Protein chains: 2
Amino acid sequence: MNIGDVAERSGLPAKTIRYYEDIGLIRPHRSANGYRCFAETDLHKLAFLARARALGFTIEDCRTLLGLYEDETRASADVKQLVQEHLSIIETKITDLQAMRDTLTELVQCCAGDNRPDCPILRDLAGESDCTQGA
Amino acid sequence: MNIGDVAERSGLPAKTIRYYEDIGLIRPHRSANGYRCFAETDLHKLAFLARARALGFTIEDCRTLLGLYEDETRASADVKQLVQEHLSIIETKITDLQAMRDTLTELVQCCAGDNRPDCPILRDLAGESDCTQGA
DNA sequence: CCTTGACCTTCCCCTAACTGGAACCCCCAT
DNA sequence: ATGGGGGTTCCAGTTAGGGGAAGGTCAAGG
C-alpha cells in the first residue's frame, strides 16, 4: 500500500504517518521508486496509534503502549499502571477546566452584555471587585 | 520597579513578563542602565493578564481583553461575547476529556493488572475486541 | 579599590505534535 | 508530450513560554 491508502484506511493524515515514521513509531518498507510501502501490520499499528492518540495518550505513551503490545511477555499490570497515570492527568485537567468554567459562567451571568462600557467581567479581571456589584 | 519586583507582586515569572513585552502586551519604560522600569499601571496590567491566563484565555484573547479594558467606550456585549466563545471552547474540552475518562475508566476496570500478558486494554487499542471478554 | 553575589540584559535553542508549503520526482492516461 | 494526481524531502510555523549562556550593573563588605 502507498501512503494515501493507509492514510484513508487508518484515518490519519499522510503528514502524520510520515511524522510517525520520522520519530520511529513505524518502519514501513520502501518500494524501488522510493515510495513508502506499507504492510497490513503497519496499517494495524497506525490504527492502534490513532486510537491511543484519540484517547489522549502522548506520543511517548503511545510508543510505550506499542512496545507493550508487541511484547508477548508483558505484564498487564504495566499497561494498567500507564493507563491509570494517564487517567489521573485527565481527571486533573477536567477539574481545572471545570473550575474555569464555573468562574466564567458566573462572570458571564453578571455582565449586562449591552452597549454600555460598564462590565463586571473586566472589573473582575482587574481585581477590582466581586461579580455581583459595581466597583 | 525592576522586573524582579513585578514578578513577585504579579506572580508571573520574569521570563513571562519579558515575553509579554516582546509580543507587545506591555510597554515598560527603561532606566538609564537599560533595566526595565515598571510603573504601577504595568503591574496592574500584568495582574490582569495573570488572571485572564489563569482562566484559560489565550494570549490573543488577553490582548483583546486588555484592549477592551482600556477602551472607555467599549460595549460590555463585546466582552461578554468573547467570554462566551471561550466558555464554549472550554465546554467542548471538558466533554472530550470526560469521554476519554469514561472509556479509559472502563478499560482499566477490565484489566486484571497482574503479571500475565493478557490485557483487554491492548486488545481494545488494537481494535480486536470489546472490553468485557477475550478476543 | 576590588571582589562577590544578586540582579539585570539579550540571544538562541527547546518543548508537542503536528500542519502548510516549496521544490522536486514518478506514473498513468490521453 | 503533457497534464494531473500521486509520491518524496526539507524548512518554517504554531502556543506560551522555559533553560541556559554570555555579559552588563549595582550595592555591600573586606
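Throughout, protein chains are lettered first and strands after them, A, B, ... in sequence-line order, and every chain is numbered starting at 1. Values below: all heavy atoms of this structure, side chains included; hydrogens, waters and symmetry mates excluded. Since we're looking at a predicted model, the values are computed, not measured.
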Q: Return the value, rounded to whole Å, for the distance between atom CG of B:D22 and atom C1' of D:dA16.
A: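 Between C1' of D:dA16 and CG of B:D22: 12 Å.
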
(Q) Just the rounded figure in Å: distance from P of C:dA17 to CD1 of A:I17. (A)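 Distance check: A:I17 CD1 to C:dA17 P gives 17 Å.
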
May I ask you to decide if [Y]'s main-chain N or O and [X]'s side chain share a donor-acceptor pair within less than 3.5 Å?
| X | Y | value |
| --- | --- | --- |
| A:R53 | A:F57 | yes |
| B:R51 | A:L125 | no |
| A:T58 | A:D61 | yes |
| A:R74 | B:D118 | no |
| A:R30 | A:Y35 | no |
| B:S31 | B:N33 | no |

Q) Should A:R36 and A:R18 count as side-chain neighbours, where that means a heavy-atom distance under 4.5 Å? A)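 Yes; the side chains approach each other to less than 4.5 Å.
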
Q) Going 5' to 3' along nucleotides 6-11 of chain C, which nucleotides have protein heavy atoms under 4.0 Å from the base (write B), which only from the sugar-phosphate (write S), and which from neither (write -)? A) -BSBBB

Q) What pair of heavy atoms forms the shortest contact from B:L55 to B:H86, and how long is it? A)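 So the minimum-distance heavy-atom pair works out to O-NE2, 2.9 Å.
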
Q: Mind listing the closest non-hydrogen atom pair of B:D42 and B:C37 along with its distance?
A: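 Taking B:D42 first and B:C37 second, the nearest heavy atoms are OD2-O, 4.2 Å.
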
Q: Under 4.0 Å from any atom of DNA chain C, heavy atoms only: list the residues of residues 46-65 of chain B that qualify, in numerical order.
A: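 Of all residues in residues 46-65 of chain B, none places a heavy atom under 4.0 Å from DNA chain C.
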
Q | Those residues of residues 88-102 of chain B lying under 4.0 Å from DNA chain D by at least one heavy atom | A |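 Those residues whose heavy atoms fall under 4.0 Å from DNA chain D, taken from residues 88-102 of chain B, amount to none.
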
Q) Are OP1 or OP2 of D:dT15 and a side-chain N or O of B:Y19 less than 4.0 angstrom apart? A)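 For D:dT15, OP1/OP2 do not have a side-chain N/O of B:Y19 under 4.0 Å.
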
(Q) Please determine whether a side-chain nitrogen or oxygen atom of A:Y20 lies at a distance below 4.0 Å from atom OP1 or OP2 of C:dA17. (A)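 No, A:Y20 has no side-chain N/O under 4.0 Å of OP1/OP2 on C:dA17.
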
Q. With respect to B:F38, which candidate in B:N2, B:L43, B:D5, B:I17 satisfies the side chain to side chain contact (heavy atoms under 4.5 Å, CB included) definition?
A.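 In the set B:N2, B:L43, B:D5, B:I17, the residue that makes a side chain to side chain contact (heavy atoms under 4.5 Å, CB included) with B:F38 is B:I17.
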
